[in-house]
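Hydrogens, waters and symmetry mates play no part in the numbers below; they use all other heavy atoms, side chains included.
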Amino acid sequence: QVQLVESGGGWVQAGGSLRLSCAASRSIFSINFMGWYRQAPGKQRELVASIGSSVITTYASFVKGRFTISRGNALNPVYLQMNSLKPEDTASYSCRITSTYGMEYWGKGTLVTVSS
């Protein structure tokens, strides 16, 4: 069984930066999707950024140009670099990874708080 644990969240002023990491308890083989999601209190979870099987990236319109998703290694498969943070970015950020074998893994999230 694989567990994912996010880290790197915390408090930051508007305009600041954070880098989120997603650590895997063991290697996940045949990954076909990695993504970062966020959920603010009382709001629906939304996809922030993703990387497909061919390292093709996608971004939500509200973070494009500010956030960058990147591949890491077996123990830390995916990162999210967040720049020019806004108060509206305040949320719990979670990573999700799927494989070609139909497996799906979620982390429990790391809290990001952006103050003005």
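- In this structure, the side chains of Q39 and S94 stay at 4.5 Å or more apart for every pair of heavy atoms.
- With rounding to the nearest 0.5 Å, the separation of CD1 in I97 from CE in M103 is 12.0 Å.
- For N32 and T98, the side-chain atoms include at least one donor-acceptor pair closer than 3.5 Å.
- How far CE of M34 is from OG of S99: 12.5 Å, rounded to the nearest 0.5 Å.
- Counting heavy atoms from C-beta on, the side chains of E104 and R96 come closer than 4.5 Å.
- Each of V48 and V5 belongs to its own hydrophobic cluster when Ile, Leu, Val, Met, Phe, Trp and Tyr are linked at side-chain heavy-atom distances under 4.5 angstrom.
- Exactly one of T90, V63, L20 qualifies for a side chain to side chain contact (heavy atoms under 4.5 Å, CB included) with R38. That residue is V63.
- Residue I51 holds its CD1 atom at 10.0 Å from CD1 of I31, rounded to the nearest 0.5 Å.
- If you take CD on Q3 and NZ on K108, they are separated by 9.0 Å, rounding to the nearest 0.5 Å.
- Identified under the ring pair (Phe, Tyr, Trp, His ring centres under 6.0 Å) test for residues 1-44, with sequence neighbours left out: Y37-W106.
- The two atoms that bring A74 and P77 nearest to each other are O-CG, 3.8 Å, heavy atoms only.
- No donor-acceptor pair under 3.5 Å is formed between the side chain of T110 and the backbone N or O of S7.
- Remark: S17 engages N83 in a side-chain hydrogen bond (donor to acceptor under 3.5 Å, both in side chains) (not counting sequence neighbours).
- Judged by distance alone, the side chain of Y105 and the main-chain N or O of I28 form no donor-acceptor pair under 3.5 Å.
- Take L18 and apply the side-chain contact (heavy atoms from CB on, under 4.5 Å) test, not counting sequence neighbours, and it matches V12, M82, L85, V112.
- For the residue pair T58/S50, the side-chain donor-acceptor check at 3.5 Å is satisfied.
- Taking all atoms of both residues into account, the shortest heavy-atom contact from A40 to A91 is N-CB, 3.8 Å.
- Using a 4.5 Å cut-off on side-chain heavy atoms (C-beta onward), S25 and V2 make contact.
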>> One pair to check against side chain to side chain contact (heavy atoms under 4.5 Å, CB included): R66 and K86. What are the steps and the verdict?
In response: CA-CA 10 Å; R66 300 189 296 122; K86 305 175 180 179; 3.9 Å; yes
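- Listed by first then second residue, pairs satisfying disulfide bond (SG atoms under 2.5 Å apart) with a partner in residues 62-116 read C22-C95, not counting sequence neighbours.
- In terms of modelled atom types and a separation under 3.5 Å, the side chain of N76 and the main chain of N73 share no donor-acceptor contact.
- Listed by chain and number, the residues in a side-chain hydrogen bond (donor to acceptor under 3.5 Å, both in side chains) with S84 amount to none (sequence neighbours excluded).
- Sequence neighbours left out, not one pair with a member in residues 60-93 passes ring pair (Phe, Tyr, Trp, His ring centres under 6.0 Å).
- Note that CG of L80 is 11.0 Å distant from CD of E6, once rounded to the nearest 0.5 Å.
- We find the NZ-OG distance between K43 and S92 to be 14.0 Å, quoted to the nearest 0.5 Å.
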